[in-house]
**Student:** 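Dropping the structure in here first, questions after.
Chain letters run A, B, ... following the sequence lines, proteins first, then strands; residues in each count from 1. Quantities reported herein were computed from a predicted structural model and do not represent experimental measurements.
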Amino acid sequence: MKKMVDQISARLREQKIEEPDSEIEARLRILIDDFRVPESEAKRSVLNYFFKKHGITLVKAASQKVKIAEIAEPGKWVDLEVKVLDLWEPQNEMIAQTGLVGDSTGAINFVKWAKATLPDMELGKSYLLRNAVTDAFQGRFSVKLHSRSQIEPLDYEIDAQAKSGTAQETKIGEISQPGKWIDLKAKVVQLWDSNSEAIAQAGLIGDETGSIKFVKWAKADLPEIEEAKSYFLKNVITDEFQGRFSIKLNKSSHIEELKEEIEVGVQPIEFSGAFVDIQKGSGLIKRCPICKRSLTKGICGEHGKVDGIYDLRIKGVLDDGRRVQDILINRDTTERLVGITLEEAKQMAMEALDHEVVRSLIEAKLMGRYFSVTGPKIDRYILVETINESLPIVAKEIDELINLIEVD
Amino acid sequence: MAGFTREVARRVFAEELRNSDLSFRDGDDLNQYAPQYLLTPTGARCNRIFMVGTLTERDDIGGDTEYWRGRIIDPTGSILIYAGQYQPEAAQALANIEPPAFVAVVGKPNLFQTEDGSVIISVRAESVQKVDEATRNRWVVETAKRTYERLESLSNITPASPKFSTADKPIAFSSSMDAEKAIAHYKTDARQYKQMVLRAASSLRTALGDEAFRAPSRKDTPGASQESEPEPLKSKPETNKKSKSKSSKGALFDNWAEIETNEEVEIFHLGKKN
């Protein structure tokens, strides 16, 4: 808060405006605490309020001297004092130079257009970039240098952090939105065959909070990583596809091998809801003796026609009226939950000449009823470790609900 | 299978379902495989619903092939469910359950327009399963909560609401877009549905209270277990109710009576169509 107030009062002083810090802080607090306005928006709004109060209209195209961390929206004209931290090979002819520049508050990608005909910058040197335009791609900002921008070498050095200001060290279990730049310490659980030339490596990495798919682009030109080794992956970007997260390693990412080994775990999650489906493939099934996959009509997808081993399991769907959750229940838990052993299930199926009777029995026991499950979430399934029928509703619960509604 | 995400089964009370007559396909209206939705007055966008109530009647109304119709009662009213040859498991289940019984139903809401233009709602059952009273109670509370949550998001965008008389319309969320659509189509009176939720919760509260203090006579209470009672649910509580009714309960049962009359009309129409 203090930092934001200082930034605002500094900006006000540039315009020869003096306002008490308490006044600035009060306005910020109303926006942030009472109206849940994001900080950057609040800052902007408070600044504009005081500018307006003193009759100052800022010309939109007028560039402002900013720090990298203050860049909060695209399409702004800014002046930056930066040090060149990295230079990359331009990907097309329209780009003269591209790389990473930084100051004391962070680092940002820059692109210098070929059309701009600006002098080349050198790695490790410091420059004043005038009239650069901010841009955003996948939630990350960059600055573009174009024909109206200027590059002036500085005779002093800018103190810059090599690390991008936006990337934060994160645990896999905390990843909750796409387009975030993060640092991860993780172990390579599995490498997959890449089926695209654009992808150098892909697979699964994990830390103590979970595991996640990763993709390393061929263009990123990063070192190969190996299965079972642990790495510090810096400046990678999160992505999402159909509700599942992944991370992408690109040109601005870095890979460092770690000496210590990262423990891969899966944190159990909990879900409560009613069974709305007991899916096909539940009940008495046969598995491939080699790969343990379930067979379809006695045939394994990998190993062809095999002599299957009987197993009992439930593939179910729980639903709480807001979300659906697929769950998998293994043989032990199924036996206890449904009150039938694998042997009894086999007997039942034999007598009925149909495996489906076992699934029907499971349906009769579970469909429509409310359960709480816990277990690690792998892909879209919770692998159920505990399952308990929800406790009956008590009067107190209803009283609370009635009070809530009546008070409203 | 990739790209297939299962639709959430919405929780909607019978009264609200019966007031629903707006259905549409997602996105391209011409794509017959696009999922079909029913939008209810409180803005629930239902491709599928889950309800637990009392099955009070069930009949095979089909001709050559079996076509089962069941009548499900919840604290706010009743709804008809259907299961035919394309829902063999649900049809089988309906055939085997002796009413009255608590049942859990997963199904798709279905609108049907009669020749005279009135719209009738029913549920095409995917699954019907007998459950216990505790499950039914849990459903009532859960549905009350979900409905109340929808009412909250309605009140956030209704300019007429006394509490939130802001002109701001957050349109970023699809749920609030559904809410706006619902208000535009139904002119939803939030108070009516708030009363409905309260009635449902109160009826359950009364039932639980009775259970705690005088378990033997719990058949007197609305919505309580009737498993050992062969008579249809509707007549019995009606008479018992009168003797110990408070004013709010009176309203509840007036509502039931009203719904009952509508039902006869519906059955008539459907019979004609078939």
**Student:** Measuring from B:Gln129:CD to A:Phe275:CZ, what's the distance to the nearest 0.5 Å?
**Tutor:** 12.0 Å

**Student:** Using a cut-off of 6.0 Å, state whether more than 12 heavy atoms not belonging to B:Glu149 lie near its atom CD.
**Tutor:** yes

**Student:** Considering only heavy atoms, which portion of A:Glu397 lies under 4.5 Å from any heavy atom of chain B: side chain, backbone, both, or neither?
**Tutor:** side chain

**Student:** Would you find more than 12 non-hydrogen atoms of other residues, nucleotides or ligands less than 6.0 Å from B:Lys145 atom NZ?
**Tutor:** no

**Student:** Name the region of B:Val141, side chain, backbone, both or neither, that has any atom closer than 4.5 Å to a heavy atom of chain A.
**Tutor:** both

**Student:** With a 4.5 Å cut-off on heavy-atom pairs, point out which of A:Met367, A:Glu406, A:Arg323 contacts chain B the most.
**Tutor:** A:Met367

**Student:** Is B:Arg138 close to chain A through its backbone or its side chain, or both, or neither, when contacts mean heavy atoms under 4.5 Å?
**Tutor:** both

**Student:** So, for A:Gly321 and B:Arg10, which heavy atoms are closest and what is the spacing to 0.1 Å?
**Tutor:** O-NH1, 3.4 Å

**Student:** Quick check for you: among A:Leu366, A:Ile398, A:Asp319, A:Asp277, which has the greatest number of heavy-atom pairs under 4.5 Å with chain B?
**Tutor:** A:Asp319

**Student:** A:Gln325: what forms a side-chain contact (heavy atoms from CB on, under 4.5 Å) with it, not counting sequence neighbours?
**Tutor:** A:Phe271, A:Ile327, A:Lys377, A:Ile382

**Student:** Given side chain to side chain contact (heavy atoms under 4.5 Å, CB included), test A:Val276 with B:Glu126 step by step and report yes or no.
**Tutor:** CA-CA 10 Å; A:Val276 293; B:Glu126 295 173 337; over 6 Å; no

**Student:** Taking all heavy atoms of B:Phe50 and all of A:Gly368, pick out the closest pair and write down the distance.
**Tutor:** CZ-O, 3.4 Å

**Student:** Could you list the donor-acceptor pairs under 3.5 angstrom formed by side chains in residues 387-394 of chain A, with sequence neighbours left out?
**Tutor:**
| residue | atom | partner | partner atom | Å |
| --- | --- | --- | --- | --- |
| A:Glu389 | OE2 | A:Arg369 | NE | 2.9 |
| A:Glu389 | OE2 | A:Arg369 | NH2 | 3.3 |

**Student:** From B:Arg6 CZ over to A:Arg380 CZ, what is the distance, rounded to the nearest 0.5 angstrom?
**Tutor:** 10.5 Å

**Student:** Testing the basics here: between B:Ala201 and A:Leu401, what is the closest heavy-atom pair and its distance to 0.1 Å?
**Tutor:** CB-CD2, 4.5 Å

**Student:** Heavy-atom pairs under 4.5 Å with chain B are the metric here; pick the option from A:Val317, A:Asp320, A:Ile402 that has the most.
**Tutor:** A:Asp320

**Student:** Are more than 12 heavy atoms, taken from residues, nucleotides or ligands other than A:Lys213, located less than 6.0 Å from that residue's NZ atom?
**Tutor:** no

**Student:** Which atom pair, heavy atoms only, marks the closest approach of A:Ile405 to B:Tyr148?
**Tutor:** CG1-CD1, 3.7 Å

